[in-house]
**Student:** 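Dropping a structure here in structure tokens format, bear with me for questions.
In this chain, residues are counted from 1 in sequence order. Because only heavy atoms are used, hydrogens play no part in the values below, and waters and symmetry mates are left out as well, while side chains stay in.
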Amino acid sequence: MLVARGLTKEYQSGTQRLTVLRDVSFDVPQGAFVSIVGPSGSGKTTLLGLLAGLDTPSQGTVSLDGEEFGSLDEDRRAKLRGEKVGFVFQSFQLIPTLTALENVQVPLELSGAVSAKEATTRARDLLTRVGLGDRTHHFPQQLSGGEQQRVALARAFVNEPRILFADEPTGNLDGTTGERIVELLQALNRERGCTIVLVTHDIALAARTQRTIRLRDGVVVEDIMHEPAAASSAAAPSTS
């Protein structure tokens, strides 16, 4: 599903050339649940941006579902992301002037893949499945942090992506709310077959994924497999 080869990312800072990632390579098969961990400044978020096609590497390649980002123009890259990629940000990135329902509808409206009526139906169903069926007409500032993250998760899944990237999805949440988000991600991966790659500082969360890639100073220093996660009682988001 995802192939990274020789990824290096450098930035110019004054007269210095800073290397954030250095020769990172790995494969992620379809249906995997992978965590990327490491201390602050290790290159985790930079790597996630490269894998999702939100940024370009200084060297190396990223292929998503058989298509190499570097060989595509920006329009095709955007189309590929719109069709196959979901992204959940730590800071939620909801549009403040839109309701929860309207925020979830945005990807469908941008893609034009379904009618306005179908977009509304699908968004409403997803919000119900993440426990927010009674909050559809609330604006982001009227929702708690956990509720906003659940809206963001519904939005990320509304186009039924083949792969979901999550940047510290529980970083701004209390323990109980973070647990709810983790259960939703596990159910999404297990029941819908969506590939998930997440960045986290939470070692306990990383241990609940199938595989952990550890970065230090921009280099992969460990790549380990975990025992299968315990079954979760959370219902998976679905558009069926």
Side-chain angles (χ1 to χ4, degrees), residues 33-37 40 44-45 48-49 52 54 81 85-110 119-161 163-192 194-209 229-240:
F33 190 174
V34 179
S35 54
I36 300 173
V37 303
S40 297
K44 301 186 303 297
T45 296
L48 201 68
L54 301 176
R81 289 193 300 265
V85 174
F87 208 106
V88 179
F89 300 89
Q90 179 180 357
S91 54
F92 318 136
Q93 298 290 342
L94 300 180
I95 301 172
T97 56
L98 300 183
T99 64
L101 183 68
E102 291 166 340
N103 265 283
V104 177
Q105 287 177 265
V106 165
L108 291 173
E109 293 174 348
L110 290 175
T120 299
T121 299
R122 189 180 293 189
R124 193 183 304 278
D125 181 58
L126 273 168
L127 284 170
T128 298
R129 290 175 185 272
V130 299
L132 294 175
D134 60 344
R135 309 285 274 171
T136 57
H137 296 296
H138 287 68
F139 292 92
Q141 65 268 24
Q142 297 173 307
L143 302 173
S144 69
E147 289 170 334
Q148 290 185 59
Q149 190 62 297
R150 279 185 275 162
V151 173
L153 182 59
R155 180 184 61 186
F157 190 59
V158 74
N159 269 344
E160 298 183 333
I163 187 166
L164 180 72
F165 296 97
D167 187 7
E168 297 282 5
T170 62
N172 285 333
L173 307 177
D174 62 73
T176 300
T177 305
E179 176 66 19
R180 176 68 182 266
I181 297 301
V182 172
E183 289 177 349
L184 286 167
L185 287 170
Q186 287 181 314
L188 171 58
N189 169 252
R190 183 180 63 252
E191 298 176 19
R192 306 299 294 180
C194 181
T195 306
I196 299 178
V197 180
L198 66 84
V199 158
T200 183
H201 281 96
D202 187 342
I203 301 303
L205 168 56
R208 294 173 64 177
T209 65
S232 166
S233 60
S238 169
T239 56
S240 58

**Student:** Show the numbers, then the answer: is there a side chain to side chain contact (heavy atoms under 4.5 Å, CB included) between Lys44 and Leu48?
**Tutor:** CA-CA 6 Å; Lys44 301 186 303 297; Leu48 201 68; over 6 Å; no
**Student:** Rounded to the nearest 0.5 Å, what separates atom CD in Gln148 from atom CD in Gln141?
**Tutor:** 8.5 Å
**Student:** Using every non-hydrogen atom in the two residues, find where Val104 and Pro107 come nearest and quote the distance to one decimal.
**Tutor:** O-CD, 3.2 Å
**Student:** In Å, rounded to the nearest 0.5 Å, how long is the span from CG of Leu198 to OG1 of Thr209?
**Tutor:** 6.5 Å
**Student:** Compare all side-chain heavy atoms of Val130 with those of Phe157 and state whether any distance is below 4.5 angstrom.
**Tutor:** no
**Student:** Could you please spell out the steps behind the side chain to side chain contact (heavy atoms under 4.5 Å, CB included) verdict for Ile163 and Ile196?
**Tutor:** CA-CA 6 Å; Ile163 187 166; Ile196 299 178; over 6 Å; no
**Student:** I need the single residue from Leu126, Leu101, Val151 that forms a side chain to side chain contact (heavy atoms under 4.5 Å, CB included) with Leu132. Which is it?
**Tutor:** Val151
**Student:** Of all heavy-atom pairs between Arg135 and Leu143, which one has the smallest distance, and what is that distance?
**Tutor:** NE-CD2, 3.6 Å
**Student:** Do you know the tightest heavy-atom contact between Pro161 and Cys194?
**Tutor:** O-SG, 3.6 Å
**Student:** At what distance, to the nearest 0.5 angstrom, does CG of Leu185 lie from OG of Ser35?
**Tutor:** 11.5 Å
**Student:** Within the 4.5 Å heavy-atom criterion, are Phe165 and Leu54 side-chain neighbours or not?
**Tutor:** no
**Student:** I need the Leu98 CG to Asn103 CG distance, nearest 0.5 Å.
**Tutor:** 5.0 Å
**Student:** Drop me the distance from Leu153's CG to Leu164's CG, to the nearest 0.5 angstrom.
**Tutor:** 6.5 Å
**Student:** If you apply the rule salt bridge (Lys or Arg N to Asp or Glu O under 4.0 Å), what do you find for Arg208 with Glu183, and how did you get there?
**Tutor:** CA-CA 10 Å; Arg208 294 173 64 177; Glu183 289 177 349; 5.0 Å; no
**Student:** What are the two closest non-hydrogen atoms of Ile95 and Val106, and how far apart are they?
**Tutor:** CD1-CG2, 4.2 Å
**Student:** Counting distance only, does the side-chain N/O of Arg124 pair as donor-acceptor with the main-chain N or O of Gly133 below 3.5 Å?
**Tutor:** no
**Student:** Might you point out which heavy atoms bring Arg150 and Leu184 nearest each other, and give the distance in Å?
**Tutor:** CG-CD1, 4.0 Å
**Student:** Rounded to the nearest 0.5 Å, how far does CD of Glu102 lie from CD of Glu109?
**Tutor:** 8.0 Å
**Student:** What are the two closest non-hydrogen atoms of His201 and Ser40, and how far apart are they?
**Tutor:** NE2-OG, 3.4 Å
**Student:** Any non-hydrogen side-chain atom of Thr97 less than 4.5 Å from a side-chain atom of Phe139?
**Tutor:** no
**Student:** Side chain to side chain contact (heavy atoms under 4.5 Å, CB included), that's the test. Do Arg155 and Gln105 meet it? Break it down for me.
**Tutor:** CA-CA 7 Å; Arg155 180 184 61 186; Gln105 287 177 265; over 6 Å; no
**Student:** Taking the side chain from Glu147 and the backbone from Ser144, do they hold a donor-acceptor pair closer than 3.5 Å?
**Tutor:** yes
**Student:** Can you check whether Phe89's main-chain N or O pairs, donor with acceptor, with Glu168's side chain at less than 3.5 Å?
**Tutor:** no
